[in-house]
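Here's the structure we're looking at; comments come further down.
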Amino acid sequence: MGRIPCCEKDNVKRGQWTPEEDNKLSSYIAQHGTRNWRLIPKNAGLQRCGKSCRLRWTNYLRPDFKHGQFSDSEEQTIVKLHSVFGNRWSLIAAQLPGRTDNDVKNHWNTKLKKKLSGMGIDPVTHKPFSHLMAEIATTLAPPQAAHLAEAAKGCFKDEVLHLLTKKPINFQGQHSTAALGNNITNYINCKPEEKDDTVEKI
DNA sequence: AAGCTCTTCAACCGCAATCAC
DNA sequence: TGTGATTGCGGTTGAAGAGCT
């Protein structure tokens, strides 16, 4: 038995869309709208599955789609929202007019994640690696902490290594952006000193 | 110039949520 | 209320191009 396929795989085309297919899909949707994706490829004369058509439309063809590079302010917004919502790409994309969840996800995975890591900030928790390493170091005996510091060489900045070889530091009084609560409006509108400096560093 | 590796991003897949009956 | 169909979402893949040796 198993799952019902979304379309007949045999006579369905896959891979890159051609300009001709784009035209067919765009003009069909311009005339009839986007109701019932399952019927759209059939009626538009496309050998594609409905799912593929929906994706092509939302991720590329729709009129308000914004082509081109992400601006600095868009990147800042993504980082802010990611610190609150995590990998809820559709939620994040909803705050960026013309951008799709796929767009945001790709940009995060290829650019922003590396950018944060390069700055010594953990892209998952949005805390500086130094904080995380220092937290770990508090649970280790000095020889183990020294070994960890050695292993961290080449990965993190001198600052981190310095922290690891010093006395444990209590970061309990500090908070991460993720701990700021679920309301993004509260986060965006809170006092500057209440935010961490992740976004500003970028 | 050729071959290899890395990066980017469009597209696919499977699951979950929602809708319609 | 239950069930099948449809839509939406997030993770993953793979082709194409860029950069390096």
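This is a predicted model, so every value here is computed, not measured. Below, chain A is the first sequence line, B the second, and so on; all start at residue 1.
- Whole-Å rounding puts the A:K13 NZ to B:dC12 P distance at 10 Å.
- Of the side-chain N and O atoms in A:R56, none sit less than 4.0 angstrom from OP1 or OP2 of B:dA10.
- To the nearest angstrom, P of B:dT8 lies 16 Å from NZ of A:K105.
- Within the structure, every side-chain polar atom (N or O) of A:R54 is placed at least 4.0 Å from both OP1 and OP2 of B:dA11.
- The interatomic distance linking A:D101 (CG) with C:dT12 (P) rounds to 15 Å, in whole Å.
- C:dT6 atom C1' lies 12 Å from atom CD1 of A:I40, rounded to whole Å.
- Taking only side-chain atoms of A:T110, from C-beta outward, the nucleotide of B:dC12, B:dA10, B:dT8 with the closest atom is B:dT8.
- One finds no side-chain N or O of A:S90 lying less than 4.0 angstrom from the OP1 or OP2 phosphate oxygen of C:dG8.
- Each of A:T34 and A:Q16 was matched to the nucleotide of DNA chain C holding its nearest heavy atom; the match closer to the 5' end belongs to A:T34.
- Comparing C:dG10, B:dT8, B:dA10 against the side chain of A:W89 picks out C:dG10 as the nearest.
- Under 4.0 angstrom from either OP1 or OP2 of C:dT7 there lies no side-chain N or O belonging to A:R35.
- Ring planes of A:H67 and A:Y60: perpendicular class, angle over 60° (limits at 30 and 60°).
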Verdict with supporting geometry, A:E75 and A:K80, salt bridge (charged side-chain N to carboxylate O under 4.0 Å, His left out): CA-CA 9 Å; A:E75 289 194 341; A:K80 277 181 192 171; over 6 Å; no
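- Distances from the side chain of A:N36 to the nucleotides C:dT7, C:dG11, B:dT7 place C:dT7 closest.
- Side-chain proximity of A:K51 to C:dG10, C:dT6, B:dC13: nearest is B:dC13.
- A:H107 and A:F70 have parallel rings, their planes meeting at less than 30° on a 0 to 90° scale where 60° marks the start of perpendicular.
- Residues A:L61 and A:L55 fall into different hydrophobic clusters, defined by Ile, Leu, Val, Met, Phe, Trp and Tyr side chains chained together at heavy-atom separations under 4.5 Å.
- Summarising the geometry, the separation between CZ on A:R38 and P on B:dA20 is reported as 16 Å, rounded to the nearest angstrom.
- What separates CG of A:N87 from C1' of C:dT12 is a distance of 13 Å, to the nearest Å.
- The side chain of A:N106 lies closest to C:dT12, out of C:dG10, C:dG8, C:dT12.
- Under the 6.0 Å distance and 45° angle rule, A:R48 counts as a cation-pi partner of A:W17.
- Note: CG (A:N102) to C1' (C:dT12) measures 11 Å, nearest angstrom.
- As rounded to whole Å, 17 Å separates atom P of C:dT13 from atom CG of A:L55.
- Contacts of A:T58 with the nucleic acid, taken as non-hydrogen atoms under 4.0 Å apart, are absent.
- Between B:dC13, C:dG8, C:dG10, one nucleotide has an atom nearer to the side chain of A:R88 than all others, and that is C:dG10.
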